[in-house]
Engineer: 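Shown below is the structure under consideration.
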Amino acid sequence: MSEMNSNTLEDVQIPREVRVTQLQNLIDTLRIAEEIATKGYLISSSELADLMDVNASAVTSRGDHWSWRNWVISRVRREGNQILWQLERVD
């Protein structure tokens, strides 16, 4: 069996530039979430799903109150056929 260096298989297959771009995209996502939380904006299930990069059904199936990264996500109300969510920063 050959020795592997400290790089994981994923690190070897994905160029550094791509990994840095992915990290920048993550930082952008977290900044957006922070602004939404700080300003008290309410967002729809589909908007929250886009922010989290999941399907809208994955958002609505989690219940009324759950955690994502540094935020607690709470179902606030329904407007027509849309569920509105609020993000609250937790440290």
Engineer: Just distance, no hydrogens or angles: give the donor-acceptor pairs under 3.5 Å from side chains in residues 46-59, sequence neighbours left out.
Structural biologist:
from, atom 1, to, atom 2, distance (Å)
S46, OG, S44, OG, 3.2
E47, OE1, S44, N, 2.8
E47, OE1, S44, OG, 3.3

Engineer: Starting at CG of L23, measure out to CZ of R16 and round the result to the nearest 0.5 Å.
Structural biologist: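 Atom-to-atom, L23:CG and R16:CZ are 9.5 Å apart.
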
Engineer: Flag the pair R19 and E17 as a salt bridge only when some basic side-chain nitrogen lies within less than 4.0 angstrom of an acidic carboxylate oxygen.
Structural biologist: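 Looking at R19 and E17, the cut-off is not met.
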
Engineer: State, without any angle test, whether W85 and S74 hold a side-chain donor-acceptor pair at a distance under 3.5 Å.
Structural biologist: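 On atom types as modelled, these side chains do not qualify, holding no pair under 3.5 Å.
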
Engineer: Rounded to the nearest 0.5 Å, what separates atom CG in L87 from atom OH in Y41?
Structural biologist: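 Nearest 0.5 Å value for the CG-OH distance: 13.0 Å.
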
Engineer: Check whether any side-chain heavy atom of E79 lies under 4.5 Å from a side-chain heavy atom of L84, and answer yes or no.
Structural biologist: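 Heavy-atom side-chain distance check passes, below 4.5 Å.
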
Engineer: Rounded to the nearest 0.5 Å, what's the gap from CD1 on I73 to CD1 on I36? Could you check?
Structural biologist: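 With rounding to 0.5 Å, CD1 (I73) is 9.0 Å from CD1 (I36).
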
Engineer: Following the transitive rule for hydrophobic clusters with a side-chain heavy-atom cut-off under 4.5 Å over Ile, Leu, Val, Met, Phe, Trp and Tyr, establish whether I14 and L26 coincide in one cluster.
Structural biologist: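 No: no chain of side-chain contacts under 4.5 Å links I14 to L26.
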
Engineer: Would you say L42 ends up clustered with W71 if hydrophobic residues are merged whenever their side chains have heavy atoms under 4.5 Å apart, either directly or through other cluster members?
Structural biologist: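 No: no chain of side-chain contacts under 4.5 Å links W71 to L42.
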
Engineer: Following the transitive rule for hydrophobic clusters with a side-chain heavy-atom cut-off under 4.5 Å over Ile, Leu, Val, Met, Phe, Trp and Tyr, establish whether W66 and V76 coincide in one cluster.
Structural biologist: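 The answer is no; the residues belong to distinct hydrophobic clusters.
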
Engineer: How about R31 and D28: do any of their side-chain heavy atoms sit closer than 4.5 Å?
Structural biologist: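 In short, these two side chains touch, coming nearer than 4.5 Å.
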
Engineer: Would you call R69 and L30 a side-chain contact if the rule is heavy atoms closer than 4.5 Å?
Structural biologist: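 Side chain of R69 against side chain of L30, heavy atoms only: contact under 4.5 Å found.
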
Engineer: Considering only heavy atoms from C-beta outward, does the side chain of H65 approach that of V72 to under 4.5 Å?
Structural biologist: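 Yes, at least one pair of side-chain atoms sits under 4.5 Å.
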
Engineer: Which residues pass the salt bridge (Lys or Arg N to Asp or Glu O under 4.0 Å) test with R62, sequence neighbours left out?
Structural biologist: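 For R62, no residue satisfies salt bridge (Lys or Arg N to Asp or Glu O under 4.0 Å) once neighbours in sequence are set aside.
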
